[in-house]
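Worksheet: one structure, shown below.
Letters A, B, ... are given to chains in the order of the sequence lines, protein chains preceding strands, and every chain is numbered from 1.
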Protein chains: 2
Amino acid sequence: MPPQRPQYRRPTLFDSCFVARLNRYLDLTPSERDAITQLERDPKNYAAGTTLWTEGDDVSELLIVHQGWALSETRLTGGKRQILRFHFSGDLIGASGIAFRDAPASIVAATDMVVCRFPRMALGETFIAHPRLAALFFSISQMESIDLSDRLRAMGRSEGKARLANLFLSIAARMRAVTGEHNPVVRIPLTQSDLGDAVGLTQVHVNRLIRQMTEEKLITRNRSTVTLLDEQGLVDLSRFVDRFSSVDSSWFPPAAG
Amino acid sequence: MPPQRPQYRRPTLFDSCFVARLNRYLDLTPSERDAITQLERDPKNYAAGTTLWTEGDDVSELLIVHQGWALSETRLTGGKRQILRFHFSGDLIGASGIAFRDAPASIVAATDMVVCRFPRMALGETFIAHPRLAALFFSISQMESIDLSDRLRAMGRSEGKARLANLFLSIAARMRAVTGEHNPVVRIPLTQSDLGDAVGLTQVHVNRLIRQMTEEKLITRNRSTVTLLDEQGLVDLSRFVDRFSSVDSSWFPPAAG
DNA sequence: CGTTAGATTGAGCACGCTCAAAATAAGTGG
DNA sequence: CCACTTATTTTGAGCGTGCTCAATCTAACG
């Protein structure tokens, strides 16, 4: 291979979506990219509906999502379900469980998926060899907190319509941060029950709210796509703030190797 | 100073509550303890009601709480307030904001406080010198996610009484993890408005629920103390799971220095 | 073409909200 | 130490969002 200009990087087949995502935040060195690629050997397929692990399981692995959607969910009194987060391409799953023995939530495939599993032990090695990656992992896992805070804010004391608006906007923002394109049509492969369990409403009520929002020309929804017709209207309704565009790396240590 | 047996550590005046907390999870080496102590120079006092920073501020610091309570809160449509987390002795505040430029939530002192501020830059240095501390910081910040998940679960689709039960239990669990003692009387310096804003209920409704719970002999509350009379009853009501007892350090890199 | 998961619609109910006023407790200055 | 102000709690009355239960309708898929 001919020598390349140092700043130029072109995605190849070997680029995983996770490397791609990290690289959006940071100019990864070759050795850093290698380290990450090591974590992503052995991708596996899972069918929609598969439970990757269950709340309370002793999980010693982390997951990187290559394709598809997964849900973090927990069960409430009376068998009700609370969906905590959605995970898609480029996401790291399980960071929040790393601090404890037991998984705080179940992970369920919402669509067919391609996923890499790696032992959390490997993370320790990465922390030694690549302090800058440690910092990046730290930051990325913080986004999880932010996302949860935002969901919490939406659920706190806002009416149903605002909750849904917030959910749609936050999913769209995360998708857009991954794809780079700003499309009003967002693929959201979730049922009305899923949406309800995410924002704390019944499926029936979600149905009625979606109809209302459709009448008000805020959104359209069929099957697994939601179209944001009046994005400003949705923002006004839900006070949504997009935070997923960039990462502050000013405090990061320098790259190793 | 005469040489000590290596495993023996006795708390001294120089032990900060943060060192103390980290040391509960991990057997810190002297150099690790020094590194942390460096972060905790210059403690400052803040009166109850002081806003340490406001949602959206460009914050370049992290906080370590020595004494007192602080709240993370954000404003919703209509001026309503959502309290996201409570912070007390030994807590690290601001980790979740480190990934982005702007603070995702305001920090307000709920009582008089003693707090140390240190620049996030210092965290980068710690990540290089002490990979094991990096891993520990990573884990501790994950507890934040867990805590938020738990609050989310409680708010999702459970009735008011269960939300309050969950809140009381989770605060008690965190306090107990710090103090080490298991006392049914828990000091919670929050008003009914605060409680309501934390669990997504109005102050008026909180009042009524507390009265009900008192009649059912679940709790007692006056001013700033809550007594958990029937802890099992509260657990049954809210499906609370205590996760704050220990940290899984099996994946941590070895100590440096 | 039958089966099943998901969406739609209706009727009645209740939990929690709003508005409002009074009572109690906690601070503050003379 | 009392009079005053301010924060917090308590209680009431009426209303509405969102729930439950239940039935029907639609779309997907083997």
Side-chain angles (χ1 to χ4, degrees), chain A residues 47-50 69 71 76-83 108-112 154-165 167 188-216 219-226 237-238, chain B residues 47-49 71 76-83 108-112 154-165 167 188-216 219-226 237-238:
Chain A
T50 309
W69 278 53
L71 313 176
L76 318 169
T77 327
K80 287 169 183 170
R81 177 179 65 151
Q82 174 65 44
I83 294 179
V108 179
T111 67
D112 291 347
M155 303 228 336
R157 259 162 65 199
S158 47
E159 53 172 7
K161 223 183 284 181
R163 298 191 198 183
L164 279 175
L167 182 66
I188 302 184
L190 302 174
T191 65
Q192 291 181 348
S193 297
D194 293 334
L195 296 174
D197 288 343
V199 298
L201 300 170
T202 50
Q203 174 269 128
V204 174
H205 201 60
V206 166
N207 181 289
R208 294 187 167 119
L209 291 174
I210 287 181
R211 181 161 49 71
Q212 283 182 43
M213 293 170 84
T214 306
E215 284 165 4
E216 294 165 15
I219 60 164
T220 305
R221 171 174 187 271
N222 25 6
R223 286 273 115 208
S224 57
T225 61
V226 172
L237 198 58
S238 67
Chain B
L71 313 176
L76 317 169
T77 329
K80 287 168 185 172
R81 176 179 66 151
Q82 175 65 43
I83 294 179
V108 179
T111 67
D112 291 348
M155 303 228 336
R157 260 165 59 203
S158 47
E159 52 172 7
K161 223 183 285 182
R163 298 191 198 183
L164 280 176
L167 182 66
I188 302 184
L190 302 173
T191 65
Q192 293 181 348
S193 297
D194 293 334
L195 295 174
D197 288 343
V199 298
L201 299 170
T202 50
Q203 174 270 127
V204 174
H205 202 60
V206 167
N207 181 287
R208 293 186 168 120
L209 291 175
I210 287 181
R211 182 161 48 72
Q212 282 181 44
M213 293 170 84
T214 305
E215 284 164 7
E216 294 165 14
I219 60 163
T220 305
R221 171 177 186 271
N222 27 7
R223 285 276 112 206
S224 58
T225 61
V226 173
L237 198 58
S238 67

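- Checked against side-chain hydrogen bond (donor to acceptor under 3.5 Å, both in side chains), B:Thr220 has no partners two or more places apart in sequence or in another chain.
- A straight line from CG of B:Asp197 to C1' of C:dC17 spans 14 Å, rounded to a whole angstrom.
- Every residue was checked against the salt bridge (charged side-chain N to carboxylate O under 4.0 Å, His left out) condition with B:Arg223, not counting sequence neighbours, and none meets it.
- The nearest whole Å value for the distance from the CG atom in A:Leu195 to the P atom in C:dG6 is 12 Å.
- Under the 4.5 Å side-chain criterion, counting only non-hydrogen atoms from C-beta, A:Leu209 is in contact with A:Gln212.
- Rounded to a whole Å, the CE atom of A:Met213 is 16 Å from the C1' atom of D:dT17.
- Dashed line: the shortest gap from a side-chain N or O of A:Arg163 to OP1 or OP2 of D:dG18 is not under 4.0 Å.
- At whole-Å resolution of the value, CZ in B:Arg221 and C1' in D:dT10 are 12 Å apart.
- In this structure the side chain of B:Glu216 never reaches within 4.5 angstrom of the side chain of B:Leu237, judged on heavy atoms.
- With rounding to the nearest 0.5 Å, the separation of CG in B:Leu195 from CG in B:Leu167 is 6.0 Å.
- In this structure B:Asn207 satisfies the side-chain hydrogen bond (donor to acceptor under 3.5 Å, both in side chains) test together with B:Gln192, sequence neighbours excluded.
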Polar-atom pairs under 3.5 Å, protein N or O versus N or O of nucleotides 9-15 of chain C: list them with distances, or write none.
from	atom 1	to	atom 2	distance (Å)
C:dT9	OP2	A:Arg211	NE	3.3
C:dG10	N7	A:Arg208	NH2	2.5

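- Under a 3.5 Å cut-off, the side chain of A:Thr111 and the backbone N or O of A:Trp69 do form a donor-acceptor pair.
- Closest non-hydrogen pair, A:Ala48 versus A:Asp112, comes out as N-OD1, 2.8 Å.
- The shortest distance between the side-chain N/O atoms of A:Gln192 and the OP1/OP2 oxygens of C:dT8 is below 4.0 Å.
- Rounded to 10°, the helix from C:dC1-D:dG30 to C:dG30-D:dC1 has 50° between the axis fitted to its first five pairs and the one fitted to its last five.
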Find every protein N or O atom lying less than 3.5 Å from an N or O atom of nucleotides 24-28 of chain C, and list the pairs.
from	atom 1	to	atom 2	distance (Å)
C:dA26	OP1	B:Arg223	NE	3.4

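- Salt-bridge check for B:Asp197 with B:Lys80: failed, with every basic side-chain N at 4.0 Å or more from each acidic carboxylate O.
- The nearest whole Å value for the distance from the CD1 atom in B:Ile210 to the P atom in D:dT8 is 14 Å.
- For the pair A:Lys80 and D:dT20, the criterion of a side-chain N or O lying under 4.0 Å from OP1 or OP2 is met.
- Residue B:Thr202 places at least one side-chain N or O closer than 4.0 Å to OP1 or OP2 of C:dC17.
- Between A:Leu71 and A:Arg81, the closest side-chain pair of non-hydrogen atoms falls below 4.5 Å.
- Scanning all heavy atoms of the two residues, the minimum distance from B:Ile219 to B:Ile210 falls at CD1-CG2, 4.4 Å.
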